[in-house]
There are 2 protein chains.
Amino acid sequence: MTQPPFASQSATGKLPAEGTQARRFGKTRSAQSTALLEDYVELIADLLDSEGEARPTDIARRLGVSHATAIKAIARVKRAGLATARPYRGVFLTEKGHALAHRVRARHRLVVDLLRALGVPTESAEADAEGIEHYVSETTLKAFAQFLKARG
Amino acid sequence: MTQPPFASQSATGKLPAEGTQARRFGKTRSAQSTALLEDYVELIADLLDSEGEARPTDIARRLGVSHATAIKAIARVKRAGLATARPYRGVFLTEKGHALAHRVRARHRLVVDLLRALGVPTESAEADAEGIEHYVSETTLKAFAQFLKARG
DNA sequence: GTCAAAATGTAGCTATAGCTACATTTTACA
DNA sequence: TGTAAAATGTAGCTATAGCTACATTTTGAC
Ligand SMILES: [Mn+2]
Ligand SMILES: [Mn+2]
Ligand SMILES: [Mn+2]
Ligand SMILES: [Mn+2]
């Protein structure tokens with residue numbers, strides 16, 4: 001069966017079964033709801049490592065949001081059992097927070113590395129990865145790692 | 001310079017400049033705010049093509065949300081000038097809506113094709129693409145197309 | 001030690017995105 | 001043709017995520 005040049009393999013024009021499609025969208029919504037928690041935890045870990053402390057003001061400035069927004073989001077991170085805070089002493093990660101930070105950091109790096117391996121310029125890779133990372137499954141991550149390893 | 005096996009190229013341990021990081025996160029937030037619009041427009045286009053009509057009930061069932069949620073979201077899509085609707089006659093795309101649907105559809109296919117080319121199983125590729133697609137820049141899309149073309 | 005600046009916290013607003021429950025309208029069919 | 005089922009629409013609730021404005025607390029410079 002001959003294909004026209006550059007034709008998509010996935011352009012069949014048929015809709016997936018309703019249940020299948022609903023499950024896919026549901027997964028995406030669930031990932032979306034944890035994206036903010038992941039970004040905060042990753043940033044807190046980065047600040048703790050490189051600055052020794054993670055203050056709400058610095059978190060807000062790095063995220064590009066107001067400090068009020070950051071404080072409310074940090075409250076949500078605390079509610080999720082990922083962090084604790086001491087006023088004027090900054091934010092700290094719990095065991096659970098540290099574990100999440102490690103996973104999120106590894107995933108972020110892997111996504112950036114893959115994009116760069118595909119020829120995406122560094123800044124685009126970093127910017128896009130900030131969004132993409134939250135929607136990459138374990139299965140897909142394994143494929144990324146495999147590809148990078150094979151490619152050397 | 002010898003690298004330990006599988007070491008990340010992007011693991012430098014240094015934080016990006018504050019402004020750079022804030023710009024990246026801002027882009028991600030902006031993409032997030034259009035993700036829902038894109039999914040609705042893409043789904044409406046798919047239903048119009050394959051069923052001849054796009055009714056709120058069917059949209060809701062395929063997205064896995066209540067019909068009330070879908071109706072409110074469709075109101076937002078209309079407010080954005082992407083669609084119109086006639087009660088019991090379904091939802092229709094405006095010129096602008098059609099144009100967006102085409103872009104979104106092409107991007108969705110390209111993301112799925114790339115994931116599959118990297119060895120991601122079909123169902124994971126489809127599920128992950130549903131989230132990833134909204135955060136892929138034009139620059140990155142070009143790199144994906146280039147990679148697929150080179151790989152044949 | 002005082003006091004101004006910085007950081008933190010609070011209040012109140014908007015918009016989005018989900019839900020259930022109830023109301024209305026249109027179809028479909030017996 | 002009359003009525004039940006389906007579709008649509010509305011109301012009211014929660015939670016998230018952003019903002020500005022104002023209040024309080026802590027630091028730090030003098
Ligand atoms: Mn991110
Ligand atoms: Mn990240
Ligand atoms: Mn999507
Ligand atoms: Mn899609």
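Contacts of B:R79 with the nucleic acid, taken as non-hydrogen atoms under 4.0 Å apart, involve only primed sugar atoms and P, OP1 or OP2. Heavy atoms of B:R89 sit under 4.0 angstrom from primed sugar atoms or phosphate atoms, though from no base atom.
The CD-P distance, from B:Q32 to D:dT16, rounds to 14 Å in whole Å. Remark: P of D:dA15 and CG of A:L36 are 17 Å apart, rounded to the nearest angstrom. Atoms CD1 (A:I74) and C1' (C:dG9) sit 12 Å apart, rounded to a whole Å. Rounding to whole angstrom units, CG of residue A:L37 and C1' of D:dA15 are separated by 13 Å. The separation between B:Y88 atom OH and C:dT27 atom P is 8 Å, rounded to whole Å. To the nearest angstrom, P of C:dG9 lies 11 Å from CD1 of A:I59. A:R61 has its CZ atom 11 Å from the C1' atom of C:dA7, to the nearest Å. Atom-to-atom, CG of A:L63 to P of D:dG18 comes out at 8 Å; the value is rounded to the nearest Å.
Summarising the local packing, CZ of A:R116 is surrounded by 12 or fewer heavy atoms from other residues, nucleotides or ligands at distances under 6.0 Å.
Here the closest heavy-atom approach between residue A:I132 and residue A:V136 is recorded as O-CG2, 3.5 Å. Residue A:H67 comes nearest to A:A60 through the heavy atom pair CA-CB, 3.7 Å, listed as atom of the first residue, atom of the second, then distance.
Between the OG1 atom in A:T34 and the OH atom in A:Y135 there is a gap of 8.0 Å [rounded to 0.5 Å]. Distance check, rounded to the nearest 0.5 Å: OH of A:Y40 to CD1 of A:I59 gives 7.5 Å.
Side-chain N/O atoms of A:R76 include none lying less than 4.0 angstrom from OP1 or OP2 on D:dA15. Within the 4.0 Å cut-off from OP1 or OP2 of C:dG18, at least one side-chain nitrogen or oxygen of A:R29 is found. OP1 or OP2 of D:dC19 lies within a sub-4.0 Å distance of a side-chain N or O belonging to A:S66. Contact annotation: A:T69 side-chain N/O to D:dC19 OP1/OP2 distance is under 4.0 Å.
Salt-bridge formation is detected for the pair B:D46/B:R105: a Lys NZ or Arg NE/NH1/NH2 atom is positioned less than 4.0 Å from an Asp or Glu carboxylate oxygen. With salt bridges taken as basic N to acidic carboxylate O contacts below 4.0 Å, one links B:E123 and A:R24. Using a 4.0 Å cut-off between a side-chain N of Lys or Arg and a carboxylate O of Asp or Glu, A:R107 and A:E38 qualify as a salt bridge.
Under a hydrophobic clustering in which Ile, Leu, Val, Met, Phe, Trp and Tyr are joined whenever their side-chain heavy atoms come within less than 4.5 Å, directly or via other members, A:L115 and B:L115 fall into the same cluster.
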Scan nucleotides 28-30 of chain D against the protein and return all N/O pairs shorter than 3.5 Å with their distances rounded to 0.1 Å.
none

Any protein N or O atoms within reach of nucleotides 10-13 of chain D? Criterion: under 3.5 Å, listing atom names and distances.
residue	atom	partner	partner atom	Å
D:dG12	O6	B:K72	NZ	2.7

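Each of B:L93, B:V77, B:V41 was scored for a side chain to side chain contact (heavy atoms under 4.5 Å, CB included) with B:L100, with one residue passing: B:V41.
With hydrogens and angles left out, the side-chain atoms of B:Q32 and B:H134 include no donor and acceptor closer than 3.5 Å. Counted by atom type alone, A:S30 and A:S33 present zero donor-acceptor pairs between their side chains at under 3.5 Å.
Within residues 48-58 of chain B, the residues approaching DNA chain D are B:R55, B:P56, B:T57, by heavy-atom distance under 4.0 Å.
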